[in-house]
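Worksheet for the structure shown next.
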Amino acid sequence: MELSRRAFVKASALAAALAAAGCGTPAPVAPKQDPALEGATWHKTVCRYCGVGCGVMVGTRDGKVVGVKGDTENPVNKGLLCVKGYYLHRIMQTEEGRILRPLIRKDGKLVEASWDEALDLVASKFREAIDQYGPDSVGFYGSGQTLVEESYVANKLFKGCIGTNNIEGNPRTCMASAVAGFASTFGKDEPMGSLDDIEHADTFFIIGSNTAEAHPIVYNRVTTRKQTGQDVKVILADPRKHRVADIADIFLPFKPGTDLALLNALAQVIVAENLHDPDFIARHTKFMQGDEEISFEQYAAFLQDYTPEKVAGITGLDPEQIRAAARLIGARGRKTMSMWCMGINQRTVGTWLNNAIYNLHLLTGKICQPGNSPFSLTGQPSACGSVREVGALSHLLPCGRSVTNEEHRKQVAAVWGVDHTKMSPNAGLHTIALFKAAGEGKIKALMICCTNPGHSLPNLNSVRDSLQKTFLVCLDAFHNRTTELADVVLPSALWCEKEGMYGNTERRTQHLAKAVEPKGESKPDLWILLEIARRMGYGEYFAHYTSNEVIWEEYRKLAQGTGYDFAPYERYKQERGLRWPITDKTPNGCAIRYAEGYDPYVPAGEGIRFYGKPDGKAVIYARPHQDPAEMPDAEYPFYLSTGRILEHWHTITMTKRVPEIMKGAGEFYCELHEEDAAAMGIATGDLVRLTTRRGSIVTKARVKGRGVPQRGMAMLLMHDDDPERLTNFLTNDAVDATSKQMEYKICAVRIEKV
Ligand SMILES: Nc1nc2c(c(=O)[nH]1)N[C@H]1C(S)=C(S)[C@@H](COP(=O)(O)OP(=O)(O)OC[C@H]3O[C@@H](n4cnc5c(=O)[nH]c(N)nc54)[C@H](O)[C@@H]3O)O[C@H]1N2
Ligand SMILES: Nc1nc2c(c(=O)[nH]1)N[C@H]1C(S)=C(S)[C@@H](COP(=O)(O)OP(=O)(O)OC[C@H]3O[C@@H](n4cnc5c(=O)[nH]c(N)nc54)[C@H](O)[C@@H]3O)O[C@H]1N2
Ligand code: SF4
Ligand SMILES: [Mo]
């Protein structure tokens with residue numbers, strides 16, 4: 001599509017006409033065209049990286065990617081990109097680190113093989129395991145970065161054909177607590193609101209999200225709103241000071257792991273100061289403690305343990321600051337948008353924290369209206385689209401269905417054309433359990449697609465050990481810390497070397513165009529998965545999959561009538577994405593779910609209906625504060641947290657290939673508070689040894705960096721791919737009881753100057 005070129009020509013013509021007419025405005029100067037972009041063809045696509053889902057135009061010439069630019073017509077980013085998006089073309093231009101041919105381990109070494117040899121080997125090893133040990137002896141570990149179609153096919157192959165629910169993926173490390181939070185509070189996954197809410201909100205409550213670095217274009221929109229709106233206020237709650245603090249009116253640096261106490265205190269003030277909305281509460285909510293329904297009065301009594309004064313002792317915050325924040329969040333007539341991410345989800349109380357954020361919005365009725373929006377930020381570009389919606393986790397089936405529900409299995413089997421009695425009625429192993437089972441020799445063959453668990457899973461010494469005790473197959477575009485352990489490595493096509501769909505953080509499904517041919521012998525994951533299925537003897541279930549569109553249309557049948565309704569494939573090729581549900585009543589998508597006038601599933605006259613719950617009522621849960629799984633003690637006196645920086649993507653297989661990024665941000669480090677560092681005689685650049693109960697690494701210290709952890713806390717980047725310095729040698733694999741998500745954000749560490 002040559003949209004942008006045409007738009008540019010049109011704009012220039014208009015400018016020339018205005019100038020000729022003597023309109024007084026100086027003719028806009030055309031941006032200096034980079035000669036590399038001369039004569040390029042532009043294709044409409046979406047950024048490869050984060051869940052914001054910025055629109056990107058990728059320019060090609062002579063079959064090669066020559067550049068990218070922000071898509072000015074995409075409402076998500078309106079032409080802006082962050083530094084990762086801006087340099088997307090670099091990852092397409094390099095062969096450094098790319099896997100160009102299939103590889104098979106022979107005599108301990110990975111050697112090149114033909115596609116036939118590699119695929120037959122994979123199919124026969126999986127076949128053998130299933131025939132000898134049953135369907136649950138194999139597994140799949142996928143990703144929120146695959147395309148919808150790829151994830152859909154993997155789900156069908158494993159759950160529908162093989163008959164195992166051992167399908168997991170990195171969204172377990174990322175969004176599982178968000179999913180469990182949505183399910184328990186509303187009965188349906190994913191946000192009710194959208195990014196449009198940013199331009200309507202008066203108060204932003206940002207907690208456990210370094211939005212400025214992890215969702216930069218969202219941050220850009222928040223900053224613009226703050227600068228241009230009237231009396232717009234920002235509250236930041238985070239144990240570490242980071243860039244969002246620059247725009248914060250109130251900063252609440254609570255002690256790590258004490259945010260459930262803080263959230264309860266905010267609710268306590270809201271109720272005590274009559275900022276709640278009794279009418280909304282009565283009509284649209286009910287209260288629960290565990291499995292038991294309680295009254296509003298009982299909930300209010302529960303909150304009495306969380307007065308700002310009581311919570312000050314737990315969180316280390318000034319009670320008046322807590323009050324001020326609660327008053328802003330609850331103020332009548334002001335619209336409140338909350339945003340959160342891994343500081344909340346990657347916790348052993350992750351589900352409860354999600355519940356507790358919704359409580360603030362449900363108590364005040366600040367939900368399901370423009371600007372009143374509890375908005376869970378999704379990390380990966382298609383964690384929502386490819387995994388949450390497709391249902392590619394061990395307990396899910398497509399479009400909100402559950403593997404344990406017989407009716408759901410029947411519905412899915414009918415569309416998949418498989419025998420529903422062969423589908424397993426039991427939830428499969430969650431991620432940590434799956435890798436532990438592999439370590440115990442119970443998973444005979446494991447397929448990894450578009451993720452790097454040999455770098456990114458917690459308690460990594462144990463995970464890497466497990467990876468070597470199974471027949472390991474990796475589908476990846478670049479060599480990484482997992483492919484080095486694999487028995488077979490299959491080269492995957494990257495980003496605009498293939499087409500398909502992504503679903504972003506605001507329910508927006510977007511089409512990615514194929515712009516160039518795959519490098520070397522690499523192939524789209526979709527092709528690889530279908531070949532493996534065929535060679536395993538399941539060809540008949542996939543034979544009609546002749547295009548992405550055919551697969552999409554089959555998937556769309558499963559979505560119809562579930563509240564996830566999608567549009568025909570063709571439309572996404574034209575549109576800048578569409579937010580589901582898309583029905584006859586909402587042909588252009590839906591900005592606000594559960595709200596009459598926006599959501600086609602809400603009957604006229606109801607106003608708001610939380611139809612995910614049979615009684616239409618969202619749940620306000622009384623959730624008590626609980627310590628993290630591991631607390632600092634005399635031996636391991638510091639809190640250790642882990643996270644990201646703007647320039648890099650997770651395990652850096654892609655961002656490491658961008659010379660501009662490596663030049664500016666090529667060093668990884670551990671942030672320390674100035675006073676802690678001084679007390680240990682540590683300065684920026686000094687080497688420090690970090691030791692936890694699970695491992696030890698030596699890395700550089702940084703004091704007064706972009707992020708400043710509070711005293712008693714260290715913060716390590718997850719990006720470093722040096723085999724001796726992997727962050728996750730240190731982290732804890734304790735999981736949330738409901739969501740099974742891991743507590744990457746908190747463990748106890750000892751710090752020594754080397
Ligand atoms: N540049 C860049 N952007 C990305 C990614 C990337 O790799 N690089 N990855 C994407 C993905 S998949 C994800 S999931 C998101 C993650 O996005 P974020 O969650 O925003 O990023 P993190 O740096 O992991 O952690 C966020 C914050 O959690 C805070 N935190 C630590 N302990 C606690 C605690 O006890 N309570 C609370 N409430 N907060 C705490 C940390 O101080 C940190 O600032 O980013 C997405 N965007
Ligand atoms: N310590 C610590 N660890 C963490 C976190 C943390 O905050 N702290 N966060 C967790 C979270 S939220 C997440 S989401 C995970 C992310 O962890 P991972 O998913 O393991 O990390 P990525 O680097 O995103 O891995 C993506 C892989 O896909 C490959 N790839 C790219 N495009 C394609 C493609 O089209 N097809 C295929 N087959 N492969 C492709 C890339 O080369 C790369 O190897 O990390 C988790 N781990
Ligand atoms: S904000 Fe996210 S989606 Fe947008 S350009 Fe940056 S990495 Fe890509
Ligand atoms: Mo993530």
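When a ligand or atom number is given, it counts from 1 through the structure's own listing order. No experiment lies behind these values; they were computed from the predicted model shown.
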Fill in: N, O or S atom of Cys82 closer to atom 6 (Fe) of ligand 3 than 2.8 Å
yes

Discussion item. Quick test: of every protein heavy atom, which one is nearest to atom 4 (Fe) of ligand 3, and how far off is it to 0.1 Å?
Written reply: Cys54 SG, 2.3 Å

Discussion item. Looking at atom 8 (Fe) of ligand 3, is there an N, O or S atom belonging to Cys47 that lies under 2.8 Å away from it?
Written reply: yes

Item to complete: Determine whether the side chain, the backbone, both or neither of Thr653 has a heavy atom under 4.0 Å from any heavy atom of ligand 2.
Response: side chain

Item to complete: May I ask you to check if ligand 1 and His215 share an N or O to N or O distance below 3.5 Å?
Response: no

Discussion item. For the residue pair Arg725 and Phe668, would you count it as a cation-pi contact if the rule is NZ or CZ under 6.0 angstrom from the ring centre and within 45 degrees of the ring axis?
Written reply: no

Worksheet item: Between the candidates Arg347, Met718, Lys241, Glu743, which shows the shortest non-hydrogen contact distance to atom 34 (C) of ligand 1?
Response: Arg347

Worksheet item: Counting heavy atoms only, which part of Ala493 comes closer than 4.0 Å to ligand 2: side chain, backbone, both or neither?
Response: backbone

Practice prompt. Just go through Arg240, Met339, Arg644, Arg243 and tell me whose heavy atom is the nearest to atom 22 (P) of ligand 1.
Written response: Arg644

Worksheet item: Relative to the heavy atoms of Tyr49, which atoms of ligand 3 are at a distance of less than 4.0 Å?
Response: 7 (S)

Worksheet item: Can Asn77 be said to touch ligand 3, with heavy atoms closer than 4.0 Å?
Response: no

Worksheet item: Should the proximity of Asp525 to ligand 2, defined as any heavy atom under 4.0 Å, be assigned to the side chain, the backbone, both, or neither?
Response: side chain

Item to complete: Could you see which bit of Ser492 sits under 4.0 Å from ligand 2, with heavy atoms only: side chain, backbone, both or neither?
Response: side chain

Worksheet entry | Minimum non-hydrogen distance to atom 13 (C) of ligand 1, winning option of Gly144, Cys174, Ala237, Gly379 | Gly379

Worksheet item: Atoms of ligand 3 less than 4.0 Å from Pro216 heavy atoms?
Response: 1 (S)

Discussion item. Among all the protein's non-hydrogen atoms, which is closest to atom 1 (S) of ligand 3, and how far away is it?
Written reply: Ile217 CG1, 3.5 Å

Worksheet item: Given that the side chain starts at C-beta and the backbone is N, CA, C, O, which of these parts of His455 lies under 4.0 Å from ligand 2, counting heavy atoms, or is it both or neither?
Response: neither

Discussion item. Against Trp340, only a single residue in Phe204, Phe205, Tyr358 fulfils ring pair (Phe, Tyr, Trp, His ring centres under 6.0 Å); can you say which?
Written reply: Tyr358

Worksheet entry | Heavy-atom nearest option to atom 47 (N) of ligand 1, drawn from Pro171, Ala214, Gly643 | Ala214

Worksheet item: Looking only at heavy atoms, what is the nearest atom pair of His215 and Thr378, with distance?
Response: NE2-O, 2.9 Å

Worksheet item: What protein heavy atom sits nearest atom 2 (Fe) of ligand 3, and how far away is it?
Response: Cys50 SG, 2.3 Å

Worksheet item: Between the candidates Thr655, Asn170, Asp238, which shows the shortest non-hydrogen contact distance to atom 29 (C) of ligand 1?
Response: Asp238

